[in-house]
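To start, the structure under review is shown below, and the notes come after it.
None of the values given here were measured: they were computed from a predicted structure. Below, chain A is the first sequence line, B the second, and so on; all start at residue 1. Below, all heavy atoms of this structure are taken into account, side chains as well, without hydrogens, waters or symmetry copies.
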Amino acid sequence: MSFDIAAILAVDGVSNGAIYALVAIGTVLLFSVTRVMFVPFGDLAAFTALTLAALDGGKRPGTVALVAILAALAFSMEAFALLRAGRRRDLPKAALYYLLVPGVLAAIVGVAAPLHPPLPVRLLLALMAVTPIAPLLDRIVFRPVADAPVLLLLIIAVALHFALVGLGLLFFGPEGVRTEPLTSGSLEIFGTTISGQTVLIVVAALALSGLLYVCFDYTLVGKALRAVSSNRTGARLMGIRPARAGAIAYILGSVLAGVSGILIAPVNTIFYDSGFLIGLKAFVGAIIGGLYSYPGAALGALFVGLLESFASFESSSLKDVIVFSLLVPILMWRSIASLHLEEDDEE
Amino acid sequence: MNAMLSLENVSVSYGHIEAVRDVSLSVAPGQIVTIIGPNGAGKTTLMMAAMGLLPSSGTMRFEGVDLEGVEVERRVEMGMCLVPERRELFHDMSVGDNLLLGAFSRRDRGSVQDDIEDVFQRFPRLRERRRQAAGTLSGGERQMLALGRALMAKPRLLILDEPSLGLAPLIVREIFRIIASLRSLGISILLVEQNARAALETADIGYVLETGQISQSGASADLADDPGLIAAYLGGR
Ligand SMILES: Nc1ncnc2c1ncn2[C@@H]1O[C@H](COP(=O)(O)OP(=O)(O)O)[C@@H](O)[C@H]1O
Ligand SMILES: [Mg+2]
């Protein structure tokens with residue numbers, strides 16, 4: 001392998017890794033706040049790409065109907081729970097959160113789609129369409145089992161992923177999509193050409209993680225999210241509602257996943273089930289990073305991206321096999337390391 | 001009479017085991033009320049139930065409002081605050097952030113910085129350690145942070161579960177001095193303690209909890225003179 005080829009592979013790997021990093025950061029965020037390993041963020045990335053493709057073609061994306069159905073379901077469940085607990089006066093608020101907000105977002109996307117607005121608006125619409133999905137799924141699927149052990153929550157998340165793949169086929173159809181490139185420029189560093197898209201991906205990943213960092217360290221809401229992940233009971237005793245913190249984490253994670261979907265769609269063809277590999281690689285990156293550290297998750301995801309890129313040079317059909325089998329020893333090492341960590345944490 | 005907090009026939013169970021049975025008590029505005037009793041009597045269980053962290057039967061009212069079905073976070077917004085036995089600090093966050101989050105439930109965001117300054121005035125050691133992670137504090141400092149964080153919520157009723165637990169005698173004295181000084185802020189206090197002597201010295205009213213039931217109650221000065229109690233809890237002096 002010559003230097004030139006290695007450089008090209010490295011650039012490719014960094015660009016893939018940055019995309020996984022966005023999803024991985026959302027995964028770590030959500031896990032630390034809710035203890036749910038939300039594997040379906042990968043599916044949401046794919047759904048965003050599919051939504052954007054529909055918007056590019058001036059068609060109404062399947063996401064609109066999906067959100068409407070999920071909103072109706074989530075609201076019914078919340079209303080039923082509230083009525084049973086004798087909390088009738090909380091119904092209007094529930095209607096606002098679970099029915100009105102997602103409904104209005106979906107309606108805006110549905111109305112705007114045939115008008116074929118300019119690209120920046122389409123990007124925004126795609127994010128708006130996808131973002132309500134995870135908080136609604138949280139209400140439908142995870143809220144009823146909020147106190148379940150982590151492993152059960154993971155199993156449910158995996159099951160949910162398969163359900164979403166099915167819904168993806170139903171609402172988006174089997175065709176693969178590739179969206180218009182977001183930029184056409186390119187630049188040259190040390191004789192290696194780097195496409196504008198790659199630059200955009202890396203810049204977006206850095207900017208979003210920086211923004212998240214600022215939000216966590218300097219805003220009350222960000223600190224409240226950290227408080228919930230640090231000590232749930234302590235947070236509740238200060239009036240911080242873990243369910244609400246969870247909803248915010250779902251929204252932030254969805255935006256991160258959505259952006260990663262937007263960034264990957266011009267480079268890779270995305271199908272309704274493409275989310276699986278994105279989600280899994282982000283998941284693995286997050287675990288390599290130790291599941292609690294954002295920089296760790298980002299570096300882990302970057303490592304997975306590089307590994308994948310070099311593996312695809314050796315054998316493109318076996319690249320995922322190579323990636324995942326190389327990860328087994330790393331994960332074993334991580335699980336031993338984290339065991340020690342937990343012992344140290346005991347007071 | 002309009003009590004700050006009143007419990008009527010409250011029982012709390014862990015599965016089939018009834019840890020607290022038929023407890024009735026009340027805290028009047030501005031009063032310091034203490035619950036003393038041996039380890040395992042159910043004091044912590046009762047406080048967790050009062051805060052809504054554990055389900056219970058019976059009636060609880062805060063400032064006359066029935067607490068049935070009121071979640072923990074809402075109780076905090078109403079003006080109740082618990083410093084739990086285990087402190088439950090945010091260990092990986094700074095002392096300053098712990099205090100800031102204490103004020104999360106408040107609507108008057110403007111005065112939060114001034115109140116952090118007040119807490120630092122009260123606990124100068126926290127000021128020195130404001131940028132340090134809470135997990136790196138000593139036992140006494142953690143208790144001060146837990147108290148300070150609770151004060152940041154501007155509660156009208158402060159529930160303290162064994163604030164002197166595991167602390168050196170000198171620091172215990174300091175903690176009790178601080179609790180007594182809270183009286184001037186007009187906060188009602190429900191103080192759970194195993195350190196019965198210090199608790200009765202600080203409080204107006206005392207209740208004795210034994211195996212989940214109230215066995216005695218009265219003005220704390222009277223309880224402190226009770227021969228039976230002296231033999232059982234006050235070191236026989
Ligand atoms: N989580 C729990 N599950 C079952 N039993 C418990 C639990 N916590 C406390 N208990 C029992 O309830 C009783 C009261 O405990 P606790 O309220 O902690 O007493 P205290 O605070 O007065 O020392 C004890 O017998 C204790 O063993
Ligand atoms: Mg106790």
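- Both the backbone and the side chain of R149(B) come within contact range of chain A, judged by heavy atoms closer than 4.5 Å.
- With a threshold of 4.5 angstrom between heavy atoms, L89(B) approaches chain A through N, CA, C or O but not through any side-chain atom.
- Once rounded to the nearest 0.5 Å, the distance linking CG of L237(A) with CE of M51(B) reads 6.0 Å.
- Distance CG/L100(B) to CG/L220(A): 5.5 Å, rounded to 0.5 Å.
- Heavy atoms only, all atoms of each residue included: G239(A) and S105(B) are closest at CA-CB, 4.5 Å.
- For the pair M238(A) and F104(B), the tightest heavy-atom approach, listed with the atom from each and the gap, is O-CB, 3.8 Å.
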Check the pair V72(B), T233(A) against side-chain contact (heavy atoms from CB on, under 4.5 Å), reporting the backbone distance first and the verdict last. CA-CA 10 Å; V72(B) 181; T233(A) 307; over 6 Å; no

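- Around atom CZ of R109(B), more than 12 heavy atoms belonging to other residues, nucleotides or ligands sit under 6.0 Å away.
- Within a 6.0 Å sphere centred on CZ of F80(A), other residues, nucleotides and ligands contribute 12 heavy atoms or fewer.
- For CD of E117(B), the number of neighbouring non-hydrogen atoms (other residues, nucleotides, ligands) closer than 6.0 Å is greater than 12.
- Both the backbone and the side chain of R74(B) have a heavy atom closer than 4.5 Å to some heavy atom of chain A.
- Among all heavy-atom pairs drawn from D97(B) and R226(A), the shortest one is OD2-NH1, 4.1 Å.
- The pair E71(B)-R241(A) meets the salt-bridge criterion, since a charged nitrogen lies less than 4.0 angstrom from a carboxylate oxygen.
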Does H91(B) form a side-chain contact (heavy atoms from CB on, under 4.5 Å) with N231(A)? I'd like the steps, not just the answer. CA-CA 8 Å; H91(B) 282 211; N231(A) 188 324; 5.7 Å; no

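- Remark: E88(B) CD to R236(A) CZ distance equals 11.5 Å, nearest 0.5 Å.
- For a residue to count as touching a neighbouring chain, one of its non-hydrogen atoms must lie under 4.5 Å from one of that chain's; by this rule A224(A) touches chain B with backbone and side chain alike.
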